Each structure stands twice: as C-alpha cells, then as structure tokens.
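Just follow the structure's listing: the first ligand is 1, and inside any ligand the first atom is 1. Note that the structure is predicted; figures quoted are calculated from it, not measured.
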Amino acid sequence: MLDLYTNENNPAALKILIAGNFSKTDINVKIVQTNDRKLEEPKILPYLEIAANRTIFMANTAARYLFPPQKNESECEHWISWESIILSPLIVQIGGNTKSDTLKSSLISCLKYLNENIKENISLIDSEVQVCDIIIWSTLYPLYNDPNFNKEYFNGFDELITWLTLLESSEAFQTALNTIKITTGASAYSALVNGMRCAPSIPLNLSISGVNNSPQHAVEAVTTEEVNAAKEAWLNNVSQISGIKDEVYPVLPKPGEKNVLITSALPYVNNVPHLGNIIGCVLSADVFARFSRLCNYNTLFICGTDEYGTATETKALEEGLTPQQICDKYFEIHNSIYRWFNIGFDYFGRTTTPEQTKIVQEMFLTLNNNGFMQIQVVDQLLCENCNRYLADRFVEGVCPHLGCNYEDARGDQCDGCGKLVNAVELKNPRCKICSKPPVIRNSQQYFLDLPKLEPLLLHWIEKSAPGWSHK
Ligand SMILES: [Zn+2]
Ligand SMILES: [Zn+2]
C-alpha cells in the first residue's frame with residue numbers, strides 16, 4: 001500500500017491513481033492542505049511515498065513509475081514530455097482565464113495534434129492504453145468536462161472526444177474519479193498550480209528573526225560538511241539507480257529510441273570565460289543533459305568555440321598574434337575551464353574544423369545552387385592604406401547622432417550616446433589599424449533571400465513542430 005498525498009481537486013493526482021489501477025497497486029489517498037508545514041520536501045503536491053522517506057514528487061514520473069510504458073517506449077516518452085512541456089503549461093494559463101488569442105490558437109493546435117494521432121479510438125500509441133494516455137487524459141479532464149471550455153475548444157475533434165469519453169467510462173478511470181473528486185474548469189487548474197507552490201520551507205540552521213535573516217547569512221549557514229554531505233548523497237543516489245545505460249561513443253542517433261541533441265550558445269574566442277559564461281550559457285544545458293541521460297535517453301551534448309568573426313580579428317590585433325594563434329590559445333582556455341567545472345560535454349569542438357567547414361560549405365552551395373542567395377551592392381568603407389574593407393569594429397569616428405559628437409564612436413555603436421551607428425555615416429572616419437581616413441566604395445555582398453525561403457520554412461515548421469509553444 002502506497003500513500004498518495006494531494007490537495008483537493010488536483011487533476012495531477014488522477015494520473016497517479018489511474019496508473020496505480022492499471023498496475024494493480026493499492027494506493028491510499030491522503031488529502032492535505034497546501035500550507036501544511038509537515039509536507040515532505042520539496043513541498044510539491046501531489047507526491048507518492050514509495051518507501052519511508054522516499055517520495056516521487058512529479059506526477060508524470062510517479063505515474064510512469066507505477067505503470068511503465070508497455071511498448072514503443074520512445075513514442076510514449078515523447079507524449080509524456082509533450083504533455084509536461086507544452087500542453088500542461090498552456091492549459092494552466094487558459095484555465096486561469098487568460099483570454100489571449102495566441103494561447104487559444106496554440107491550445108487548439110495541440111488538440112488538433114492529439115485528434116490526428118489517436119489510434120483505434122483508444123490510445124496515442126497502439127491499441128492499448130498506456131501511461132502517456134493516462135497522463136494526457138487527466139490533464140484534459142477538467143477542460144473537456146467544462147461546458148464552456150468544451151464548446152470553445154473541442155468542436156470538430158471527433159476522434160479526441162471519442163477517446164476522452166471511452167477512457168472515462170472504463171473501470172480504471174471510473175474508480176479513480178470516485179476516489180478523488182475533480183471539478184471541471186478553472187478551479188481544478190488552480191488546485192494544480194497551488195499544489196506546485198506549497199508552504200515555503202524554513203532553511204535549517206537559520207534563525208528567522210533578527211540579523212541572521214539576511215541573504216548573506218543564509219549563504220554562510222551552509223557549512224562545508226553540509227555541502228560534502230549533499231554531494232555524497234547525490235552521488236550515492238545516482239549510483240544506486242539501477243538500469244542506467246552506459247554511454248557508447250561516438251553518440252549516434254538510434255532508431256526507435258528517444259534521441260536528444262543538446263547544444264548551448266557557442267562562446268567567441270576573445271575572452272577568458274568567467275562565472276557569467278558558465279551560468280548564462282553552458283550550465284543549464286549541462287543540467288538538462290544529465291537529466292536526459294538519467295532518463296536513459298540517447299543524449300548528445302555538444303558545444304565549441306565560435307572562431308569566425310571580427311571579434312577574433314580584433315583580439316588578434318590587440319595581442320599581436322595571428323587569428324589562428326588567438327583561436328588556438330583561447331580554444332584551450334575555454335576547453336580546460338569548462339572541463340574544470342565538470343561540464344559534461346560529449347564533444348567540445350571548434351567552428352574551424354574540416355568537418356564543420358565541409359558542412360557549412362555544402363549548405364552554402366545548396367542554397368546558392370537552388371537560387372536562395374542574392375548578390376547586392378552595398379556601400380562600405382575601404383582603407384586604401386591597409387588595402388582592406390573595414391568591418392564595423394575596424395572603423396572609428398565622430399558619432400553622427402545629433403548633439404552627441406562623441407569622438408571615438410565605433411562603426412557599429414557609439415559608447416557616448418549608446419545608439420547604433422551605420423559605419424558609413426560616421427563623421428571624420430578613421431581606420432582603427434592605421435588611423436588614416438577610409439573612402440566609401442561599393443562592395444558586393446551575399447544575402448540570404450529570406451522572402452523566397454519563407455513558404456518552405458513555414459511548411460517545415462507546420463510539419464515538424466505541432467504544438468510548439470508560442471514563445
Ligand atoms: Zn553618439
Ligand atoms: Zn588602415
């Protein structure tokens with residue numbers, strides 16, 4: 001007998017109860033208040049207690065734990081993540097009575113996507129109900145059973161309606177609905193949201209009155225022993241999880257499995273990475289990659305240095321090295337710093353490798369051969385002394401914006417007034433390398449013909465991204 005803790009009217013609890021019915025697990029429902037201070041950490045409802053002091057606090061994970069995918073696991077995983085990343089957040093906002101047309105049309109496209117994918121009236125995967133069906137059904141239940149929402153959203157989705165009513169009438173679903181009462185419409189979704197924001201916890205070893213309540217003291221309250229204990233607990237728990245596959249290199253896509261490709265923004269080679277680079281760029285991707293590997297997804301996490309561009313050239317001039325030397329030097333610095341921070345890239349490469357060059361050139365040639373490139377003549381500054389066209393950052397002069405007159409404005413931006421600058425409009429322009437005045441010349445540049453590509457891109461987005469969030 002397992003205990004399921006939930007607040008009243010929370011549709012996420014249905015997921016766990018129904019999954020329990022399918023796996024013939026006895027579940028004892030305990031209704032609790034969201035402000036109950038005795039709730040287990042991390043104080044998210046509903047949660048399932050699977051052993052003393054061991055709880056699963058994500059409803060989808062708990063449902064999956066009770067009733068794992070029976071077949072077509074990767075497809076099932078797809079639907080579960082689709083529900084948690086796209087469908088559920090959308091419905092919660094709409095259930096909260098947000099009347100935005102974008103949200104509405106996003107939800108309708110989600111329902112259309114479901115309608116098109118229901119097989120034999122009974123499942124999204126096959127001819128038998130699976131955990132992904134249970135999860136999605138539970139989230140839709142209050143929406144579908146609300147007369148207003150029903151009229152607004154479900155019109156014409158016959159397969160979806162048949163599926164919803166058929167599952168509702170089956171025994172495993174009915175038993176769950178009789179155990180926990182779920183109302184229809186917005187109030188069920190506010191119970192769902194409230195379950196995620198339960199009573200704030202009081203940090204250990206931290207007095208809540210007086211001077212110790214300041215954030216600085218909160219940081220100091222964590223001792224080295226506590227950090228080590230947390231690290232040990234984390235590592236032990238990870239090694240105790242059974243059934244995690246070893247990674248096989250090179251990581252290649254595997255048919256029939258969930259394949260996840262993760263990248264983070266590529267850093268330029270003009271700086272030594274600092275904490276901001278780690279936090280703002282690679283850390284969140286690393287956390288997600290670790291999560292993804294723990295889920296046994298076939299995961300590839302790649303990144304590398306972006307070595308092309310004016311940033312490299314300027315840095316090379318500054319340090320008196322060639323661009324190649326700058327790239328080699330800073331690639332090593334970036335690579336070793338990320339490794340030191342234990343960022344788990346499967347591959348940390350460079351944009352200048354022969355493989356990358358070949359791929360990029362093939363893309364360019366394909367676009368060019370198919371008529372998607374255009375040549376246009378643009379005005380550009382040429383330094384006759386250095387015999388080179390000057391990219392934005394290689395020209396300086398007096399800011400052209402009215403009333404500014406800042407003397408050292410760059411060809412892309414003025415640090416005096418903060419406004420963007422068009423290089424050819426600078427007053428008294430000078431070459432950053434030799435300080436001689438450049439001249440304006442025509443130069444031919446390649447442009448990607450985006451209007452011509454638009455219909456193809458739109459077609460691709462519609463085909464490959466049903467139900468993507470509107471952001
Ligand atoms: Zn200015
Ligand atoms: Zn020059």
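Figure legend: R388 and F394 shown as a cation-pi pair, the cationic atom lying under 6.0 angstrom from the six-membered ring centre and within 45 degrees of its axis.
Rounded to 10 degrees, the SG-metal-SG angle spanning C383 and C434 at the Zn ion (ligand 2) equals 100°. Angle SG(C431) to the Zn ion (ligand 2) to SG(C386), rounded to 10°: 110°.
Between H78 and Y113, the angle of the ring planes goes over 60°, which puts this pair in the perpendicular group of the 30/60° scheme. Ring pair W82/W79 is perpendicular by interplanar angle, where above 60° counts as perpendicular and below 30° as parallel.
With waters neither drawn nor counted, the protein N/O/S atoms under 2.8 Å from the Zn ion (ligand 1) amount to 4.
Atom NZ of K245 is surrounded by more than 12 heavy atoms from other residues, nucleotides or ligands within 6.0 Å. No more than 12 heavy-atom neighbours from other residues, nucleotides or ligands sit within 6.0 angstrom of NZ on K436.
Panel note: side chain H401, backbone Y406; no donor-acceptor pair is recorded below 3.5 Å. S100 places a side-chain N or O within donor-acceptor distance of the main-chain N or O of T102, the cut-off being under 3.5 Å.
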